[in-house]
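Structure first, then comments.
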Amino acid sequence: MAIKCIGILTSGGDAPGMNAAIRAVTRTAIYSGLTVKGIMRGYRGLITGEIIELRTENVSNTIQRGGTMLKTARCVEFRSREGRQVAYETMQREGIDALVVIGGDGTLSGAREFAGEFDIPIVGLPGTIDNDLNGTDVTIGYDTALNTIMDAVDKIRDTASSHDRLFFVEVMGRESGFLALNSALAAGAEAAIIPEFVTEVDQLAEFIQNGLRKSKSSSIVLVAESEVTGGAMGLAERVKKEYPQYDVRVTILGHIQRGGSPTASDRIIASRMGEAAIIALLDGQRNIMIGIENQEIVYVPLSKAVNHEKSLNRATLDTLKKLSI
Ligand code: F6P
């Protein structure tokens, strides 16, 4: 069946660059003669029927904005078969032939399930600050979040060094260390403590024994949020007990990392990926995520994108160690 109308939604945690992606999908679709419907609040809009038509002027003046103009949500109803049935019926009623979904792991897992149950072409775009989707070098929002963290750590460094303190700065990542590791490198931090290596080594003990205060009177450690490591709070508690000589403080950056105007890099990948999503759908591709590897657009099966195998570059950790002596 020829695709005449596509639906677009953003779901899960918002990420800077989502608007640039919505704009690119909308304009490429209209350029290709399709009608575009914006589904509000992620999969919830498919259940409640909150759907608007998107014309080219509706996405004007949005490329530079953080957040998502279509709003977002984590929809519990869509996790059940009954909920997805309602979503399918809404699509039929609205005449939506295919979907472009923008989001992270949960969003793309939902898309995979939905596409498997009903005969709907779906293309996903990786929109998450966590960068934890397999098959793409970067996700939309990751670069902006890295820059936000770097700016915050630059400021924390002023007070850390004035007081000779050890700071644990917790960043997001949902059990994934991309943000912590690469922002540590970008901000010249002394270490990164990330969930990926938690079973291999006691990262805190290693950092204190090898690095802390060799040549410095203050230190900044980037910590990925994680139930396994206990995050920044958990590590600070350990330091207070095991190494009471250190004056330790904690900063949890929280949702500040998800906001703000997207960087040029995020706007560019969002625009390229958004265009590629429509080209792929018109080309008969379905149940894939658009990725970028080595600067080139790639088409990743949804099952591969969400399989949690994306691995960190170990060499980056070694670089960080060398540069923080
Ligand atoms: O998926 C992005 C993310 O920022 C994660 O890193 C974090 O765990 C989560 O969202 C927090 O989201 P919320 O507070 O919106 O539920």
Side-chain angles (χ1 to χ4, degrees), residues 9-21 40-45 66-79 101-112 124-136 138-153 168-184 192-196 198 222-235 250-263 266 269-270 273 289 291 302 305-312:
L9 61 84
T10 49
S11 166
D14 63 323
M18 279 184 163
N19 284 326
M40 301 301 294
R41 299 181 166 80
Y43 293 117
R44 185 172 297 158
T68 161
M69 60 177 281
L70 293 177
K71 310 262 182 157
T72 186
R74 301 189 199 272
C75 178
V76 182
E77 295 93 317
F78 193 74
R79 291 191 196 143
V101 302
I102 309 172
D105 188 65
T107 304
L108 299 190
S109 299
R112 186 186 163 207
L125 296 185
T128 166
I129 64 166
D130 298 342
N131 199 32
D132 59 349
L133 290 166
N134 204 24
T136 187
V138 280
T139 56
I140 297 165
Y142 173 59
D143 185 65
T144 307
L146 271 182
N147 279 281
T148 301
I149 297 167
M150 182 184 73
D151 290 344
V153 173
F168 289 109
V169 181
E170 183 174 301
V171 298
M172 284 185 167
R174 201 199 293 262
E175 304 288 331
S176 160
F178 284 97
L179 281 172
L181 181 56
N182 285 309
S183 62
I193 293 188
I194 51 184
E196 283 83 348
V198 81
L222 268 292
V223 184
E225 60 175 353
S226 160
E227 281 181 17
V228 199
T229 64
M233 285 296 200
L235 292 166
V250 167
T251 302
I252 296 174
L253 292 183
H255 292 80
I256 193 172
Q257 296 163 90
R258 288 227 298 247
S261 181
T263 58
D266 272 331
I269 64 161
M273 288 175 172
M289 178 192 82
L302 285 176
V306 297
N307 73 0
H308 300 275
E309 270 179 6
K310 185 167 186 176
S311 52
L312 280 158

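On a predicted model such as this, the values are computed, not experimentally measured, just so you know. Every number for a ligand or one of its atoms is a count from 1 in the order of the listing.
Among protein heavy atoms, atom 4 (O) of ligand 1 sits closest to M172 SD, 2.9 Å. Nearest non-hydrogen protein atom to atom 13 (P) of ligand 1 is R74 NH2, 3.4 Å. Of the protein's heavy atoms, R258 NH2, 2.8 Å lies nearest to atom 15 (O) of ligand 1. With respect to atom 8 (O) of ligand 1, the closest heavy atom belonging to the protein is E225 OE2, 2.6 Å.
Close contacts of ligand 1 with G173, meaning ligand atoms under 4.0 Å from a residue heavy atom, involve 6 (O). With ligand atoms numbered from 1 in the order given, ligand 1 contributes 1 (O), 2 (C), 3 (C), 4 (O), 5 (C), 6 (O) to contacts under 4.0 Å with heavy atoms of D130. Numbered from 1 in the order shown, with element, the atoms of ligand 1 that lie under 4.0 Å from a heavy atom of H255 read 13 (P), 14 (O), 15 (O).
Look at K310 and D132 and you find no salt bridge, because none of the NZ, NE, NH1 or NH2 atoms lies under 4.0 Å from a carboxylate O.
Ring-plane geometry between F78 and Y43 is classed as parallel, the angle between the planes falling under 30 degrees on a 0 to 90 degree scale with a further cut at 60.
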Exercise. Check step by step if side-chain contact (heavy atoms from CB on, under 4.5 Å) holds for I102 and M273.
Key: CA-CA 10 Å; I102 309 172; M273 288 175 172; over 6 Å; no

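Heavy-atom distances between Q257 and ligand 1 stay at or above 4.0 Å for every pair.
Distance alone, capped at 3.5 Å, places no donor-acceptor pair between the Q257 side chain and the V171 backbone. No donor-acceptor distance shorter than 3.5 angstrom exists from the side chain of E175 to the backbone of S226, with no hydrogens or angles considered.
Atom-to-atom distance recorded for S11:OG and K71:NZ is 15.0 Å, nearest 0.5 angstrom.
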